[in-house]
Amino acid sequence: MPSPEQAAIDAIMRSREAGFCFTHLRDGGELTAIHAQRWRCGALDTYVVRSPTDAYAARFRAEDRHPLWQLGGPATEVIEALLDLPAHGTDGAPTRTRSGLWLPPLRSD
């Protein structure tokens, strides 16, 4: 069984193979997070990984940027859940927009 770090790297690599593009987020030159996004089928799928245990993902409708889906948690689970979403506009894909501002849960550490 791979370590949490290796499992997160494997999930990131799968997302790259699925067409995600990446930006390294830095603070004072130090890498603090990885941001990834993919535009496909009228939607933006995006995620941010701060550590193997801290990631957030979301899908937004392209025409108005309304959020359709979001999830926070361990990087591997979050990325895999995003990759498992059916393509926007197909059967089973999230369709309900969420109103208001979505805030990630407070960290417990």
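Residue numbers start at 1 and run along the sequence shown.
The neighbour count for Glu30 CD, taken as heavy atoms of other residues, nucleotides or ligands under 6.0 Å away, does not exceed 12. More than 12 heavy atoms of other shown residues, nucleotides or ligands fall within 6.0 angstrom of atom CZ in Arg26. No more than 12 heavy-atom neighbours from other residues, nucleotides or ligands sit within 6.0 angstrom of CZ on Arg16.
Looking at every heavy atom in both residues, Trp39 comes nearest to Ala62 through CZ3-CB, 3.8 Å. When every heavy atom of Ala7 is checked against every heavy atom of Pro2, the shortest pair comes out as N-CB, 4.2 Å. Shortest non-hydrogen contact noted between Ala55 and Ala75 is CB-CA, 3.6 Å.
Hydrophobic cluster membership differs between Ile9 and Tyr56, with clusters built from Ile, Leu, Val, Met, Phe, Trp and Tyr side chains linked at under 4.5 angstrom. Under the 4.5 Å side-chain heavy-atom criterion for grouping Ile, Leu, Val, Met, Phe, Trp and Tyr, Trp69 is not connected to Val48 through any hydrophobic cluster. In the hydrophobic clustering of this structure, Phe20 does not group with Met13; members are Ile, Leu, Val, Met, Phe, Trp, Tyr whose side-chain heavy atoms approach within less than 4.5 Å, directly or through other members. Val49 and Leu71 fall within a single hydrophobic cluster, where Ile, Leu, Val, Met, Phe, Trp and Tyr side chains are chained together by heavy-atom contacts under 4.5 Å. Hydrophobic clustering of Ile, Leu, Val, Met, Phe, Trp and Tyr side chains at less than 4.5 Å, counting indirect connections, unites Ile34 with Val78.
A donor-acceptor pair under 3.5 Å is formed between the side chain of Arg38 and the backbone N or O of Ala18. A donor-acceptor pair is defined here as one N or O able to donate and one able to accept, closer than 3.5 Å; such a pair exists between the side chain of Thr46 and the backbone of Ala36. Using modelled atom types, one side-chain atom of Thr32 and one backbone atom of Leu25 make a donor-acceptor pair closer than 3.5 Å. Remark: the backbone N or O of Ala8 is paired with a side-chain donor or acceptor of Thr76 at under 3.5 angstrom.
Here the CD atom belonging to Gln37 is positioned 6.5 Å from the OG1 atom belonging to Thr23, to the nearest 0.5 angstrom. A distance of 9.0 Å separates OG1 of Thr53 from CD of Glu5, quoted to the nearest 0.5 Å. Atom CZ of Arg61 and atom NE2 of His88 lie 6.5 Å apart (nearest 0.5 Å). Taking CZ of Phe22 as the reference point, atom OH of Tyr47 lies at 4.0 Å (rounded to 0.5 Å). Taking NE2 of His24 as the reference point, atom NE2 of His35 lies at 12.0 Å (rounded to 0.5 Å).
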Stepwise, does the side chain to side chain contact (heavy atoms under 4.5 Å, CB included) test hold for Ile12 with Ile79?
-> CA-CA 7 Å; Ile12 291 168; Ile79 295 168; 3.7 Å; yes
**Item:** Arg59 vs Gln70, side chain to side chain contact (heavy atoms under 4.5 Å, CB included): CA-CA, chis, key distance, verdict
**Value:** CA-CA 6 Å; Arg59 173 174 284 174; Gln70 65 249 339; over 6 Å; no
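Annotation: side chain of Pro86 is not in contact with side chain of Asp91 (no heavy-atom distance under 4.5 Å).
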